[in-house]
Protein chains: 2
Amino acid sequence: MELPDRKMRILKAVVRNYLETGEPVGSRTISKLTDLKLSSATIRNEMADLEEMGLITQPHTSAGRIPTDAGYRLYVDDMLSSEKEELQSAKKEMLDMKDLLLKKQDRLENMLQSVAKTLAVSTNYASMISSPTTRSSKIKFIQLSQVDPRNVLAVIVIEGNLIRNKVIPVEEELSAETMLKLNMLLNTNLCGLSVEEITLGLIEGIKRNAGIHTAIVNNVIDAAAEIVRSEEELKIYTSGANNIFKYPELADHQRASEIISDFEEKQALGSIVQETLAGEGQNGIQVYIGNEMPVAGMRDCSVVTATYELGEGMKGTIGIIGPKRMDYDKVVGVLKEIMSQLDAIYKPSGTASLEDKGDGAAASSGQEGGTKGGQVFTIPELRIPQIKRIEIKEL
Amino acid sequence: MELPDRKMRILKAVVRNYLETGEPVGSRTISKLTDLKLSSATIRNEMADLEEMGLITQPHTSAGRIPTDAGYRLYVDDMLSSEKEELQSAKKEMLDMKDLLLKKQDRLENMLQSVAKTLAVSTNYASMISSPTTRSSKIKFIQLSQVDPRNVLAVIVIEGNLIRNKVIPVEEELSAETMLKLNMLLNTNLCGLSVEEITLGLIEGIKRNAGIHTAIVNNVIDAAAEIVRSEEELKIYTSGANNIFKYPELADHQRASEIISDFEEKQALGSIVQETLAGEGQNGIQVYIGNEMPVAGMRDCSVVTATYELGEGMKGTIGIIGPKRMDYDKVVGVLKEIMSQLDAIYKPSGTASLEDKGDGAAASSGQEGGTKGGQVFTIPELRIPQIKRIEIKEL
DNA sequence: ATTAGCACTCCACACCACAGAGTGCTAATC
DNA sequence: GATTAGCACTCTGTGGTGTGGAGTGCTAAT
């Protein structure tokens, strides 16, 4: 949609003013606010036009105007395409973020959670972040070992060094040779295959060769299938849901309850992740406004999403969820900043930025993987914090 | 505190009526409600006494009475000690719970989450449940294996069959003999020890014997330490936080925001778990009312907690959080019911109750650990769903 | 094309009145 | 002495009314 320059400027003024105040904005306000020197009457005429175009609306006859979803959309599109978001304010607020990311977040889970929290605190909106997805991976290594007379431990490593294990109960103790044979059998037959490639025929073949130990083979394959299943499972971390109470238009019982509930059942937010990963927006930033929200029950909100990447095709989604009148400029700035910081942490070149942060104690020999003091805290772990959660079941 | 019978009955009537309606209750209502035939005037006199004792209060001069914290406390104590909670209503509502627990909750995490949800749905209050704590355990088994030329996989099994693994990067590929030697070294020196028992001297000794592979030894020990650390970490699952909006006294912005925030930062709820595990109440049920709440910011709530046990000393806490005027009778009933169901699931004797639930398809041969259809669903797994989360880090 | 002026609309807020619920107190009754 | 009926009083919640202010649309003047 093309808009005459003057109308566009008035629209922007209306949106911006409404973002700040949350109150309908009148012609007089605009007339005083903008640099184009026009009287309120002229503005009124223009605003009448804008209303006719469906970009702004008035809550009641004699009130000022507020943007419609379409109005927000135009505003946001313009902002995103004109590329010159004022990052400076965002950057200043995010300075401590680097510290935060450096604190021994030795687990991905904790790191994501604390990123979410930082985002929520620094924006005053609610935030969500999804765990990075991995492509369906191939089996790399299988190891069975006898833990005790009644149990065999199966360890399965898949590409990208994700590991899962499972304890399998057995009736009788297996001999060392049997274990060795089973290990060879499984490794030669299954390594290099993705779980989808494991056919029933293949399993039958293995079982035949395994002789009496079909139960174990079954269990190993089950465990392998489970790895993939649970890797595909989307984990979503959230923070700052209570921020919605800061915005009266979201804080009434009805709406708040729905939003809180969606935040609790995090899978409701999954659709946002899906949408985001599906349609790649410009700069990786996407904005869903009001009815564009993929989550029903959040139709009074907007969400700004970004895609982050931890290398090796592990992509995740970050989202900031707030009222439709959220400060899009700031949020986009914050998201871009955090994306770049996540990138920096992953990239090996991040070493420099890590070292100039060093607090003397870091000089505990250049030995890779060394411990310092009693703390499990190794520099390389920090630089590439690729940690997966895995689960085991035991009987 | 001993109370004359008549006063006690009036107090109970006030509390019960207020629980239902949420409105201050007047003398006339009581007079009609109770079986003791007294006029409203008499009730008024008694109520004045009760107010003097600090058990009830009136929001303003000419309103009915509502219970104070002390009043609730007396009511709850009486209920808990008189032991005859009407479980029948609870039981009826919980019939489907068994189904829920049976649905392939093959992971503890999922099971806990769904228990929380069921509780929230069936009570209309918010619920929380903590993962069971384990005592610090001994190392049972250690296994190193070469996954690929650059990485060694360390698997550590501790008592109770909790497993953790860690990928350790190495400079050069290790020979099969070296691996074998390291495995023997680690197993002979560390098995049977709890992590606390591993002294620096011991580590030094192992390192000496390990020759050049001190880095690997270090990492294995780190991993072992990490197991214990993360097992100690309290995981709390919540559900139904949005239920608080159903109770106007909690639903105003101020309070709701605080409560929601505490539910989001789940560790705030940790203090409830601590309190509960510390002071063992009668029947394992404990009630914290208003200012007794361990969590600041929930001083307008009450919580009913229970301790559940999954055998082997793995104890966890369940809590139902609602307004002070929550239906204590029902909640206590529901909690008792779920506790007994959790017990039944854990106990081997649970077999019976599982089998009479069988839906025909369960007849896929008595083979232990068998799969049925494409589903990973083994009966023994269900019966003893002792599943731990473990994490690995990779480099 | 822009602006000043004006009549009009609608909301927010304060004010008031009043019905209703409930109390405390006193005097009468069992 | 305990209970009850009766009554005056208090406080809240609600609905009605009035008014000031903000903002609009329209018309006429610039």
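Note on naming: letters A, B, ... go to the chains in the order of the sequence lines (proteins, then strands), and numbering restarts at 1 for each one.
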Subject >> With Lys246(B) via side-chain contact (heavy atoms from CB on, under 4.5 Å) - residues at least two apart >> reply: Asn124(B), Asn243(B)
Original post:
Where along residues 5-14 of chain B does a heavy atom fall under 4.0 Å from DNA chain C?
Top reply: none
Original post:
To the nearest Å, how far apart are Ile66(B) CD1 and dC11(D) P?
Top reply: 17 Å
**OP:** Identify, with sequence neighbours excluded, every residue that meets salt bridge (charged side-chain N to carboxylate O under 4.0 Å, His left out) alongside Glu292(B).
**Re:** Arg73(B)
**OP:** Could you note down all residue pairs passing side-chain hydrogen bond (donor to acceptor under 3.5 Å, both in side chains) where residues 23-34 of chain B supplies at least one of them, sequence neighbours left out?
**Re:** Ser27(B)-Arg44(B)
Subject >> Counterpart residues, salt bridge (charged side-chain N to carboxylate O under 4.0 Å, His left out), relative to Glu265(A) (two or more places apart) >> reply: Lys117(B)
Original post:
Between Ile43(A) (CD1) and dG23(D) (P), how many Å, whole number?
Top reply: 14 Å
**OP:** Summarise protein proximity over nucleotides 12-30 of chain C in one line of letters, 5' to 3': B for base, S for sugar-phosphate only, - for none, counting protein heavy atoms closer than 4.0 Å.
**Re:** ---------BBBBB-----
Original post:
Can you list the residues that meet the side-chain contact (heavy atoms from CB on, under 4.5 Å) rule with Glu264(B), with sequence neighbours excluded?
Top reply: Thr238(A), Ala241(A), Asn242(A), Phe263(A)
Subject >> Contiguous Watson-Crick or G-U pair runs (3 or more, under 3.5 Å) in DNA chain D >> reply: C:1-30 with D:1-30
**OP:** Using the test side-chain contact (heavy atoms from CB on, under 4.5 Å), find all partners of Glu249(B) that sit at least two apart in sequence or belong to another chain.
**Re:** Tyr247(B), Pro323(B), Arg325(B)
Original post:
salt bridge (Lys or Arg N to Asp or Glu O under 4.0 Å): which pairs involve residues 48-65 of chain A, sequence neighbours left out?
Top reply: Lys7(A)-Asp49(A), Glu51(A)-Arg65(A)
Subject >> side-chain contact (heavy atoms from CB on, under 4.5 Å) against Asn291(B), all qualifying residues, sequence neighbours excluded >> reply: Asp69(B), Arg299(B)
**OP:** Quick one: list whatever passes salt bridge (charged side-chain N to carboxylate O under 4.0 Å, His left out) with Asp327(B), sequence neighbours left out.
**Re:** none
Subject >> Gap separating the OG atom of Ser271(A) from the CG atom of Leu269(A), nearest 0.5 angstrom >> reply: 7.0 Å
